[in-house]
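Worksheet for the structure shown next.
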Amino acid sequence: MPPLEDELFPSTPGKIKIERAHNLSMNRALQRCFTSTSTMFLWALFLIALMVSYMSIQSFVDSGSRYLHHTNSRVHGGGIVWEKQIRSSAQIRRHNGITVLVTGAAGFVGTHVSLALKKRGDGVVGIDNFNDYYDPSLKKARCALLDSHNVFVVDGDINDRRLLAKLFDLVAFTHVMHLAAQAGVRYAMENPHSYVHSNVAGLVTLLEQCKSADPQPAIVWASSSSVYGLNDKTPFSESDRTDRPASLYAATKKAGEAITHTYNHIYGLSITGLRFFTVYGPWGRPDMAYFSFTRNILQGKPITVYRGKNRVDLARDFTYIDDIVKGCVASLDTSGKSTGSGGKKKGGAPYRIFNLGNTSPVTVPTLVSILEKNLKKKAKKNVVEMPGNGDVPFTHANISSARRELGYKPMTDLPTGLRKFVKWYLSYYGYDHHSLPVN
Ligand SMILES: O=C(O)[C@H]1O[C@H](OP(=O)(O)OP(=O)(O)OC[C@H]2O[C@@H](n3ccc(=O)[nH]c3=O)[C@H](O)[C@@H]2O)[C@H](O)[C@@H](O)[C@H]1O
C-alpha cells in the first residue's frame with residue numbers, strides 16, 4: 001500500500017519530487033510542533049474571544065456617542081450613555097414641575113423656552129434635526145448654551161417614528177412644546193416640500209406618538225400670525241377668517257391648526273396653538289429681516305426694503321422673544337390635561353388658540369432706522385415693490401384672549417428689543433461695540 005504521501009501527491013517526475021520532499025519534511029516539522037501549536041491555538045482563541053467582547057462593548061457604548069459633534073448634548077442614536085443623558089435632562093427639580101419634550105430645541109424660540117423651563121426646575125429634553133435652512137453653526141452654538149444648562153438635545157427628526165417612540169419609552173412627558181418647523185414665508189416658493197415634510201408630515205408623526213402615549217402629554221405648538229393671510233380686519237382676533245393664506249408656509253400652519261383639532265377631537269389630546277407675530281431678539285433667525293438687515297448694514301452691503309401697493313410701507317407687530325417665552329410657559333402651565341390614553345379618548349380636552357403679538361405694529365422703514373441708530377451706520381436701502389411671494393402688507397395682534405387666559409402682557413417695545421438684539425449680535429459675531437463706525 002502506498003504511503004499516504006503518495007496518494008496525496010501522485011507520482012509525477014521532476015518538480016513534484018522536490019515538493020513531496022518538502023511536504024514530508026513539513027509534516028514532520030508539524031508533528032514536532034504539534035504540542036506547542038495546540039497551545040498557541042488555544043491562546044489565539046482566547047485572544048479572539050477577548051477582542052470580540054471588547055468590540056461589542058465598544059459599539060454598544062459608541063451607539064450612544066458616535067454622533068457627538070459640537071457638544072455632548074448632540075447625540076443621535078441609542079445606547080446606555082444616550083439614555084442616561086435623556087433621563088437626567090428630563091429630571092424635575094421643583095415641586096409640581098413638568099417634563100417637557102421641546103421639538104426644535106436648537107431653534108430660536110426653542111432654545112429660549114428650553115432654558116426658561118430648565119431654569120425654573122422643569123425636566124426638559126430637546127429634539128432638533130439641525131437642518132441647514134440657515135447656518136447650522138448658530139444652532140450648534142445655541143445647543144452648546146443649552147448643554148451648559150444641562151438641557152440635552154437629541155439630534156433627530158420629528159418624522160422619525162421609532163426615535164419618538166423611544167423617547168416616550170424613556171420619559172413620561174407631561175407636555176410637548178412643539179416648535180420644530182420649516183420657517184420663513186418667502187422660502188416656501190423655493191422649497192415647498194420642506195414645509196409639507198416638517199409642518200404637516202412631521203406634525204402628524206408627532207401627534208400619532210402623543211395620542212398613543214400613556215399618559216398622553218398636553219401639546220403646545222407654534223402656529224403663526226401668517227394664518228390671517230389676506231384678512232384686513234384689524235387688529236387680528238383669533239375668531240377672524242383664516243381661510244385665505246397668502247403663502248404655502250401660512251397654509252401649512254393653517255393645516256396644522258386643523259390637524260391638531262382632529263387629534264383633540266378624536267383622541268382627547270389637549271392642544272394649544274400659539275400664533276406668533278414676527279418674533280425677534282438675541283439668538284434669532286438669520287433669515288429674518290431684522291437679522292439680515294443688521295448683517296448687511298454692518299458689512300456695508302445694500303438691503304432690500306419691500307413696499308406695499310400705492311407706496312404704503314409694510315408693517316409688522318414685531319414681538320420680543322422674552323414676551324413670547326412667557327406666553328409659551330404660561331400656555332404649558334394652563335394647558336389642562338389630555339384625557340385619552342393609549343390611543344383612546346376618555347373625555348373632552350382643551351383646544352385653544354392664542355395670538356402672541358405685541359399689539360403695536362411698526363413699519364419696516366422704522367425698523368431700519370432703529371437698527372441704523374444702534375449700529376451707528378446708515379443702511380444702503382434699495383426700496384422695491386413687494387413681490388408676489390407670500391408676504392402680507394401688515395400684521396397686528398389682538399391679544400385680549402391671551403391676556404385673559406394666560407396673563408400674557410408684552411413688555412418690550414421694538415427700540416428696547418432691537419437694542420438688546422444688536423448688543424447680542426455684536427458680541428456673538430465679535431464686533432467691538434465701542435469702535436463701530438459713525439456715518
Ligand atoms: O409672524 C409670523 O408668523 C412669521 O414671522 C416672520 O415672517 P415675517 O413677518 O415675514 O418676518 P421677516 O421675514 O423678518 O419680514 C419682516 C418684514 O420685512 C420685510 N422684508 C423682509 C425681507 C427683506 O429682504 N426685505 C423686507 O422688506 C417683509 O416684507 C416683512 O414686511 C417669520 O419669518 C415667519 O417664519 C413667521 O413666523
Side-chain angles (χ1 to χ4, degrees), residues 104 107-110 133-134 178-191 194-195 198-199 221-229 231 235-236 242 245-254 256-257 273-281 284-297 301-309 311-321 323-324 327-328 353-359 361-371 379-397 399 410 414 417-418 421:
F108 171 35
V109 181
Y133 167 59
Y134 60 80
H178 175 47
L179 299 165
Q182 176 58 60
V185 174
R186 290 162 290 279
Y187 179 66
M189 288 181 73
E190 262 176 68
N191 191 356
S194 65
Y195 289 80
S198 295
N199 305 358
W221 74 285
S223 182
S224 159
S225 70
S226 65
V227 299
Y228 291 108
N231 180 41
F236 300 165
T242 53
S247 65
L248 183 68
Y249 169 71
T252 59
K253 287 295 180 180
K254 175 65 188 163
E257 293 188 354
L274 302 174
R275 293 177 179 164
F276 293 162
F277 282 70
T278 315
V279 189
Y280 72 99
R285 274 172 37 207
D287 62 313
M288 289 183 68
Y290 74 96
F291 201 119
S292 63
F293 286 176
T294 300
R295 184 181 55 226
N296 283 16
I297 294 171
K301 293 181 182 162
I303 61 169
T304 304
V305 176
Y306 300 136
R307 193 165 53 190
K309 286 206 179 82
R311 306 169 80 85
V312 174
D313 289 332
L314 304 182
R316 287 290 181 272
D317 199 359
F318 296 101
T319 310
Y320 190 63
I321 184 65
D323 292 322
I324 289 291
C328 291
I353 289 193
F354 295 114
N355 285 342
L356 292 188
N358 196 49
T359 69
V362 176
T363 67
V364 177
T366 306
L367 164 85
V368 175
S369 61
I370 299 171
L371 286 175
K380 292 177 184 161
K381 279 182 276 186
N382 191 5
V383 182
V384 303
E385 190 163 322
M386 183 176 85
N389 56 9
D391 249 335
V392 292
F394 64 89
T395 61
H396 183 184
I399 57 160
L414 190 62
L418 283 181
F421 164 72

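As the structure is a computational prediction, the values presented were derived from the model and not from experiment. Both ligands and their constituent atoms are indexed starting at 1 by order of listing. Numbering of residues begins at 1 and proceeds along the displayed sequence.
For Pro245, the side chain to side chain contact (heavy atoms under 4.5 Å, CB included) partners at least two apart in sequence or on another chain are Ala250, Ala251. Every salt bridge (Lys or Arg N to Asp or Glu O under 4.0 Å) that Arg285 has, sequence neighbours left out, goes to Asp287. For the ring-ring contact (aromatic ring centres under 6.0 Å, His included) test, residues two or more places apart in sequence or in another chain that qualify with Tyr133 are Tyr187.
Ring centroids of Tyr280 and Phe108 are separated by 6.0 Å or more, keeping the two rings apart. Within the 6.0 Å centre-distance limit, the rings of Phe421 and Tyr290 are counted as a close aromatic pair.
With values rounded to the nearest 0.5 angstrom, Trp221 atom CH2 is found 8.5 Å from Asn199 atom CG.
Protein residues with any heavy atom under 4.0 Å from ligand 1: Ala183, Gly184, Val185, Arg186, Ser224, Ser225, Ser226, Tyr249, Phe276, Phe277, Thr278, Arg285, Met288, Ala289, Phe293, Thr304, Val305, Tyr306, Leu314, Arg316, Val364, Asp391.
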